[in-house]
Each structure stands twice: as structure tokens, then as C-alpha cells.
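One structure is given below, encoded as C-alpha cells.
One-based numbering along the sequence shown.
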Amino acid sequence: MNDNLIEIKGCVEDVVFRKDDSGFTVAEISSDDEYITVAGILPEITPGEDIRLRGSWVVHPTFGRQFRAELCERSMPSTSAELYKYLASGAVSGIGPKTAQKIIERFGEETFDILENHPEKLAVIKGITKERAEKMSKAFNEQFSIRQIMIALERYSMTPSECLKAFRTFGANSVNLIKANPYILCCEGVGVSFDRADDIANMLEEKPNENFRIKAGIIHVIRHNLHNGHTCLPREKLKIPCSALLNKESEVIDSNIDELLEDKQLIEDTINDESFIFLPHIYFAEKSSADRIKIMLKFPPAGKPTLLQDIENIERRECIVYDENQKNAIITAIEKGLLILTGGPGTGKTTTLNGILKLLESDRLNVVLAAPTGRAAKRMSEITGREAKTIHRLLEVEWDKNDNPYFARNMRNPLKADAIIVDELSMVDSLLFSSLLDALPLGCRVILVGDSDQLPAVGAGNVLHDLIDSGLLPVVELNKVFRQAMKSKIVTNAHEIVKGNNPDLTTKDSDFFFLARSTNNSVVQTVVDLVNNRLPKAYGYSSVNDIQVLCPSRKGETGSVYINKALQAVINPAEKDKPEASIAGKIFRKGDKVMQIKNNYDIIWEKNGEEGSGIFNGDIGIIKSIDTYTSSMVIDFDERIATYSFDGATELELAYAMTIHKSQGNEFNAVVMPVFSVIPKLCYRNLLYTAVTRAKKLMILVGSAELINSMAQNNSKSKRYSALKHFLEAQDEEENS
């Protein structure tokens, strides 16, 4: 929380504007005989109430000086004048200015008690029947309970947005539940961090049961490791970070894990004679995926014999020649209806995919195409000439009554598809893969395409590798680099890297270049010069749309955070008339290139008159406008136009530079990669290979040749704990026993 905030107090005079879904409000308050315009996330404030705000003064280009509120503490109206203003504002359904005046004249400062506890007394007022009085009381109590919860929770430095989420998650008993156990705020619905829950616990008059904190800490460690890709953790290894975080002995952690297992908040399973701990939803996702695949193998799709004549006809029409591996892939897909197709750049995955697609469609099958990201789906559409959707869009994401996302397409409402082709499978995490399999109708042919040498998914799981390593599904790996692709140094160097050989850094007239630099500062200066000047001049590339800087890590002097600031300063510098906003310590300007850094199913977008929802981790967009008055910005994500509140914009980062992990599923005309001062744990082959294969036309490495070569030679991979392979093999053993 920012300690440099200014504090003001006042009484709400008028609510000028309110956005109910986000709680963004513009209000007029009177403070020390001065009228002040206040803007911020202030849900449920109404005229007549006293509020204490913490925030900062800003100057809106249209509306002038106003107070931008970040924290709000409030109290209910107490004097007759304040009570009248509150009721007359329309805060309570069924009570307007005239009725409010009658009630206040009759009951004065007892009004709230009458509305809350003795509504029958309202019937003494002319024009108010007993039935109407009951409705007024019900509306008042509903509104009053929300407001009381907001007031109570704001005392613990919870932001208005967090208070609103807590009320929506826990309902009318929120305050008591949170006072008893503030660590429930760490749940997905509210999303308060473990550290913030600790701070709130320290503000409480009565300290909560210590075991609440220990259990929340254990779950926090497991959740944190989901972001590191692990769907589960060995129990013995889990205890180490838990003990360090909570300052508790291993035995205490052990006993609390047992209690969490007993309460079914965690699940335990044995993999290779070792105990592993899961969060339930991840456990059931991987288990469900294994079960579904087992059913597909037991009751395979209806294939048909593929005649070589069919393949030769395609070769003649398309003027191509398939190699034996490609023919094998096409035959396997058509005859068995199940296939994992893998291979690196230049090995003919696209050509093979199109051949499979043509034969499936020649049988008049309804084939759907999908990929994990918008850009991957767009590229799939371009190479096949057919519509491809993101997996989220294909599964038709919707929301339940608590605003939690779910997919409308599932076992009870499967997709209308005879066959599905999914590209970039290496990017698909365990949860999404499980949802996809759930939505497939029985008998649907499934072709899964991916590059097994790329980094695994950003989300938890190791789907592609687990499927291949299980040995249950037919796999065809394309490994011949075609002559045309051999002309590209991007392709040949990518294959050299996969083999553990040093890439050729000496070429001067190809699509792959190396620029040696010996200091962090010279690396950054060169990267900025390439993006802002040299490449646009030499190739006509747009610094924003065509060129992408990919960094091994976020941190450090050559990390994406630092380079983003350097690039923003030259590509989109501050100007007097250019709107900008400071959000969570980051400056965003109109025209900036940004990236969504977590899945958000709630964001509504519009494209060519069609409305949809959901902007996802890794989606890249351009800020088209910023409105500081409504605290919102409009962003164009590949023609999907979405409006963000400033509160929602905390899920955005500048994207002139991004980490290699975040670039998965994307391709860029030109990639510039700083390779200098990389921390040892990120100096490995798959990371370098993934960066190189993101470049379509031009790849430039800047930094140390020695470091590049050591990355190519280092085949160590970050250990990723997952259980899909285990569940597949366990199922197979059960079947054969």
C-alpha cells in the first residue's frame, strides 16, 4: 500500500457517475466548506454519509482538479439532515425525496432503527401501507447489510474492490467469517495475497486461530507452485518452503497437511512410491483427462482405410511430395482417428496438417480447429484457410451466479464436431486440456499438434510430454528439414540448438544475426537502437507491430521490465497532450503495447459488431485511449476492442519486451533477444530454442556468444511435477491386470 497518500474527510453530497460492475464512482463531497470531485472504486457510497478517503490529487484534462481515491472508510448517516439526504438519494428502493421527508419528520434520528427492526410503524404515515412498509424494510436491510460489510472491512485497509469481492463471495456473514479467519480472503474469489491476509489478521482485535494461518500458508505455497508449472508437489519437498514461510517445525506442517487432507482441501496420491500433494481441482483435472483418453482408446473413433491414391491425389493437386513420416502421420490420423503430431520448424507440420484436413473434409466430416491463444488461432487460420478459434472461445466460456467462469461446452453439452485439430499443444495446461476433452463427443477424431522441444505451458501441467511419454497414443515425429527451409538460418540454427550444437553466429547476409556486446548498458542500448531505428529503417518494420524483444527473465538490467521502460521512453514518450495513467507503479500511455498477464474471463470485447468475453494470459494489445475521468482505457487486442478499468489494468504489463515464456504460441516478423547476465537457472537449451522459433523472418541475438553456446549445450530442464502420465499408466495397469 502506498504510504504517501493524502487523507481528506467529507460528506457525500451527490453521486455523479457509477459503474456497478467495477464499483467505479465519481462523487461530489463537501469538505471544510469546499466541494471536491472524487473518483475511484467507491461501491455503494451514497449522499448523506461521511467518508474518509486516502488518495492523491490529479488534474483531469477535461474535468480539471479531482481527488483520486484509493482507500475509503465510511460511517452511516447519523443526524436527521444526513438521514434525509441518504434516503432521498434513492439508495433504498421505494423511498424517494417526498417519502424520505415524511419518514424523517415523523421518526427523526430513530429512522434507521424503525426501517431495520419495526417497519410496521411506518404504516402510520399517510400513503404507506403495511405491505409497502415491509418492502421498504426489506430493501433497506439488503442495502444496509452491504454497506455495513463495506464499512467494517474497509477498517482493515481492504480496498473497496476487495470489499466488494468479499461480499460477493461470502455474502451477508462476510465480516464475521473474515474476523474469525482472515485467511479465507486468499480464495480465488477475492484473491488477497497471503501477506495481505497476514496484515489484516494483525489488525484484528482478537487474533485468529494459528492453524488457520498454517493451513492457508500451505495452500499458498501449493498455489504459488502452480504458477511454476507444478500440478502437485512431493509431500517431503512441500514441507520445506512451508516451514520457512510459517516458521514452524516440519511436524506441525505435517499435522496440518493431514487435517487439510481430512477436510478434502488437499488430495494425496502416490507416484513412483512417493507421496504427492494436490489441490483438488488440479487433481481431478489430470485424473479426468486420463480417464477420457482411456475411454477414447477403448472406444476409438471410426477410422477408414486410407489409400495411397488419396495422398497422391493431394500431392498432384498441391504440387508437393510428402516424405514417409508425413504419409505415416496422414494415414494414422485418418485410420486411427487419434494422433499426436510433433516436429520442429521446417519439418512440414503445416503441409501434413493441411493434408489431414483435406482428407477429413473429403469425408464430409465437421472439423473444428483450435489453438490456445488468439495469435496462434489466427496463424492456424492463415495456414489452413479455415476458421480457427481459441480453445476458450470454442468451449464458450460463461459465468455462474458468483461470476466464476465455466465452459458451456462440456460432457452434457458437447461440441458439434466429428474431428478436432488442436495446434500448439505444448502451451495447453492441465485445466484447459481437461475441459477440452470433457467437451468432445464420443467418437470425435482428435489430432494434437505441437513441438515437444519448446517450453511447456505457462500454466500448470506438462500435457504434451506426459501424453507422449505414456506411450498410449500414436505419435508421429517429423524430423526431416526440407530443402526450402534449409535456406533459413533461423530453421537450421533452431535444429542445431535442439541437437546441443552451437548455432552459427557468423552469418552476415541471412535471417539470423549475432551482435557481440560486453556490458549490460551496451546490450540495452543496442536492443533499443535496433527496435527504434535500425530495423524499421532497414526492413520497414513497425517497432510496435512487427518487432518483439524476448528476454530470458523479467528482472535485471537486461530483463523485460527494464528494457520495456527504455523502449517506452523512445517509442512512445510522454507528451503534453498524450493521456497516461500510473497504475500499480507502472506508467501506461495511449499507444503503448501491452500484454494481459493472467486469464480474465470477465473482460467484454467487441469485434466487427460481435461481442465476446475473455482476455487471456499472453494476449497482446495496443492502448487506443485512456480516460482518467472514468479511470478506464480502451485496448485493441488483434481487433478485439476491450475496455479496462484502472483497477483491472493491474493485470497488464508493457509488452515491447516480454519473457520468452510469455511469447509461447506467438510468432513475430522480427525477434531481438538480449543474451547477457542471464541467471544460471535460465541458461538452458529449450529457452533459447523457443525464442529462436518465435521469429518468422529475422532473429537477432545481442550479447555474449559464450553464453549463447552454453545455453545450447545445457539440456537441463526445470523439473516440472505433474501426474497425467502417472494416471495414464495407472489406468493402463488396471486394464491389463
Quick one: list whatever passes ring pair (Phe, Tyr, Trp, His ring centres under 6.0 Å) with His495, sequence neighbours left out.
none

Working for side-chain contact (heavy atoms from CB on, under 4.5 Å), residues Gln454 and Arg694:
CA-CA 10 Å; Gln454 283 187 26; Arg694 299 308 89 208; 2.7 Å; yes

Tell me if the OH atom of Tyr562 is crowded by more than 12 foreign heavy atoms within 6.0 Å.
no

Note: Asn572 and Lys590 closest approach over all heavy atoms is ND2-O, 3.0 Å

Whether Glu653 and Lys662 form a salt bridge (side-chain N of Lys/Arg under 4.0 Å from carboxylate O of Asp/Glu) is what I want to check.
no

Step through the shown structure and confirm whether more than 12 heavy atoms of other residues, nucleotides or ligands are within 6.0 Å of NE2 on His224.
no

Which atom pair, heavy atoms only, marks the closest approach of Glu477 to Asn325?
O-ND2, 2.8 Å

For side-chain contact (heavy atoms from CB on, under 4.5 Å), just list the numbers for Ile623 and Arg589, CA-CA rounded to whole Å, side-chain angles, deciding distance to a tenth of an Å, and then say yes or no.
CA-CA 7 Å; Ile623 298 176; Arg589 297 190 185 107; over 6 Å; no

Under the ring pair (Phe, Tyr, Trp, His ring centres under 6.0 Å) test, residues paired with His392 that sit two or more places apart
Phe407, Tyr601, Phe616

Pro372 and Met427: which non-hydrogen atoms are nearest, and at how many Å?
CG-CB, 3.8 Å

Here the salt bridge (charged side-chain N to carboxylate O under 4.0 Å, His left out) pairs for residues 456-474, sequence neighbours left out, are none

Got a sec: does the NZ of Lys598 have more than 12 other heavy atoms crowding it under 6.0 Å?
no

